[in-house]
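Okay, so here's the structure we're looking at.
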Amino acid sequence: MATQRLALRIVNWQRTHGRNELPWQNTRDPYRVWLSEIMLQQTQVTTVIDYYHRFVERFPSVKSLANADIDEVLALWAGLGYYARARNLHACAKTVVDLWQGEFPELAADLETLPGIGASTAAAIAAFCHGQRVAILDGNVKRVLTRYFAIRDDITLTATNRRLWEIAQNEVPSHQLISAQPDAMARYTQGMMDLGATVCTRHKPKCKQCPVQQHCLANELGVPEEFPVKTVKRRDKPVRDLNLLWLTVNGHVLLEKRPDQGIWGGLWCLPTDTNICSQLGLGAAVPMASFAHELTHFRMVITPWRLHHAAASQTFQTLNKNQRWVPLLSLDGYGLPKPVRALLAGIDDR
DNA sequence: GATGCGTGGAA
DNA sequence: TTTCCAAGCAT
């Protein structure tokens, strides 16, 4: 049985020193909480804020999102990355409408059955909206807990994560604490993330400002930055070459919808087969200067192949239904990968 | 258990 | 410039 020393201090600290004015806070609307949690997966708060506002404005309810076209959802998501989140977001909205009468389930265990919602996101929604006693375990919480308990196990291992989940669940506010403070679960959940994001940071943690400094083993050892332990297999960054056909005819550009699997899944993109223009009888494209697009696990080297065809009476033929001639003035309505958007906008992405 | 998935910011 | 990684999840 945990002592509640951590939980009580986190709850009280969060009330006065945590973040309490973010756009998705001060509501128990599961739709808004869910939307924010999906956007915040592997994505920093400052990046999410504008996207969140645009989504809520355009899709104020789970029903409106469920009724939307996936292409519009992806267009709103474009630039935020990890596009499977947007596809799962749409699938989740439809599932909530079709199988849950348009209301998100309350229990974390039920939320976790929905697409795009894993254990941590399910717990966050259930804790924020309904005060359920379930633990989250994101990067912030892992850092706080490994420091607080001086856990030197490699957090990339499954066994370590199992242990961290157990500890996290052990530390959630007790029934007694929740009776005294009904918002304790929401405060605690938010507080653990706030502490990790603003005080118990990866570099130069502000231990003097920490509400649990005197109980933190890593602080006692004087080496908080040694936690968490993470093995790094250093490998050379692989290079992927990508050809993009930049074909324009009379104010239109040929786009191609990418398959759901793989990078930029579901987005509209310049075609990757540079032979298309000759197959369409439009002549040969000319290679432009290549440029690099850096991703976490590889470097993408993009070579645009340019062809502008000025025929007055072009029929805008395509080779399959995944291709579409798009007016350049309508590009804003399409979800394009960041470097493709930059290329078409004439911005150098180097 | 390991891998793939985006983009932007910090050091 | 390079590396790391940020409110993880799916396969």
Side-chain angles (χ1 to χ4, degrees), chain A residues 18-19 22-25 33-52 74 77-89 91-92 111-125 127-128 135-144 154-162 164-165 168 186 189-198 200-204 225 228 230-238 240 242 258-267 269 292-300 335-342 349-350:
Chain A
R19 300 172 292 188
L22 294 170
W24 43 85
Q25 293 184 300
V33 172
W34 162 71
L35 176 62
S36 70
E37 289 300 328
I38 302 299
M39 287 185 164
L40 287 160
Q41 289 169 1
Q42 299 287 280
T43 310
Q44 294 182 347
V45 166
T46 53
T47 305
V48 165
I49 290 176
D50 288 345
Y51 284 89
Y52 176 80
L74 283 164
W77 197 276
L80 197 52
Y82 283 157
Y83 299 99
R85 291 185 296 171
R87 300 194 304 275
N88 284 329
L89 188 85
C92 182
L111 287 164
E112 202 176 339
T113 68
L114 296 168
I117 301 183
S120 195
T121 300
I125 299 169
F128 285 137
I136 62 166
L137 188 63
D138 66 355
N140 289 311
V141 178
K142 287 179 185 175
R143 189 165 55 252
V144 171
D154 179 355
I155 66 163
T156 67
L157 301 178
T158 300
T160 306
N161 273 284
R162 243 192 321 265
L164 287 174
W165 272 112
T189 303
Q190 186 64 49
M192 290 293 278
M193 292 191 285
D194 290 347
L195 189 69
T198 65
C200 195
T201 48
R202 190 161 68 97
H203 300 292
K204 299 182 179 176
E225 286 183 316
K230 191 180 298 193
T231 59
V232 273
K233 335 176 183 176
R234 201 151 294 183
R235 277 180 290 182
D236 286 344
K237 213 178 206 182
R240 282 194 220 173
L242 186 70
R258 292 186 63 85
D260 282 349
Q261 326 294 31
I263 192 164
W264 302 330
L267 293 192
C269 188
H293 180 65
E294 298 285 347
L295 295 99
T296 301
H297 296 295
F298 60 93
R299 168 195 302 253
M300 186 179 289
L336 304 177
K338 189 247 173 189
V340 176
R341 172 73 66 192
D349 190 42
R350 275 164 285 186

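So you know, we letter chains A, B, ... as the sequences are listed, proteins then strands, and number each from 1. Just so it is clear, the structure is predicted and the values come from calculations on it, not from any experiment. All values below come from the heavy atoms of this structure, side chains included, with hydrogens, waters and symmetry mates left out.
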| task | Select base, sugar-phosphate, or nothing to describe what A:Trp24 touches, counting heavy atoms under 4.0 Å on all strands. | result | base

Notebook entry, point to check: For A:Leu89, which contact category applies under a 4.0 Å heavy-atom criterion: base, sugar-phosphate, or nothing?
Noted result: nothing

Just the rounded figure in Å: distance from [atom2] of [N] to [atom1] of [X].
| X | N | atom1 | atom2 | answer |
| --- | --- | --- | --- | --- |
| A:Asn88 | C:dT11 | CG | C1' | 12 Å |
| A:Asp138 | C:dA6 | CG | C1' | 9 Å |
| A:Lys142 | C:dG8 | NZ | P | 8 Å |
| A:Met39 | C:dA6 | CE | P | 20 Å |
| A:Asn161 | B:dG1 | CG | P | 10 Å |
| A:Arg143 | C:dG8 | CZ | C1' | 15 Å |

Considering only atom [atom1], compute the distance from [N] to [M] and round it to an integer number of Å.
| N | M | atom1 | value |
| --- | --- | --- | --- |
| B:dA11 | C:dA7 | P | 14 Å |
| B:dG8 | C:dA10 | P | 24 Å |
| B:dG6 | C:dC4 | C1' | 15 Å |

- Do the side chain of A:Lys237 and the main chain of A:Leu295 share a donor and acceptor less than 3.5 angstrom apart? yes

Short side-chain to backbone donor-acceptor contact, A:Trp77 and A:Gly81, under 3.5 Å: yes

One should read off an interatomic distance between A:Leu80 CG and A:Gln41 CD, to the nearest 0.5 angstrom, of 10.5 Å

Describe, in one word, how the ring planes of A:His293 and A:Trp264 are oriented to each other, choosing from parallel (under 30°), tilted (30 to 60°) and perpendicular (over 60°).
tilted

Judged by modelled atom types alone, do A:Thr231 and A:Asp154 share a side-chain donor-acceptor pair under 3.5 Å? yes

Can you confirm whether the side chains of A:Thr43 and A:Arg85 place a donor and an acceptor under 3.5 Å from each other? yes

In 5'-to-3' order, the base (B), backbone-only (S) or no-contact (-) status of each nucleotide in nucleotides 2-11 of chain B, using a 4.0 angstrom heavy-atom cut-off, is -S-BBBSS--

Closest heavy-atom pair, A:Ala168 versus A:Ile136, reported as atoms and distance to 0.1 Å, is CB-O, 3.9 Å

Assign each of A:Glu37 and A:Gly116 the nucleotide of DNA chain C bearing its closest heavy atom; nearer the 5' end lies the nucleotide of A:Glu37

_Taking atom types as they are modelled, would you say the side chain of A:Arg19 forms a donor-acceptor pair with the base of C:dA7 within the 3.5 Å cutoff?_
yes

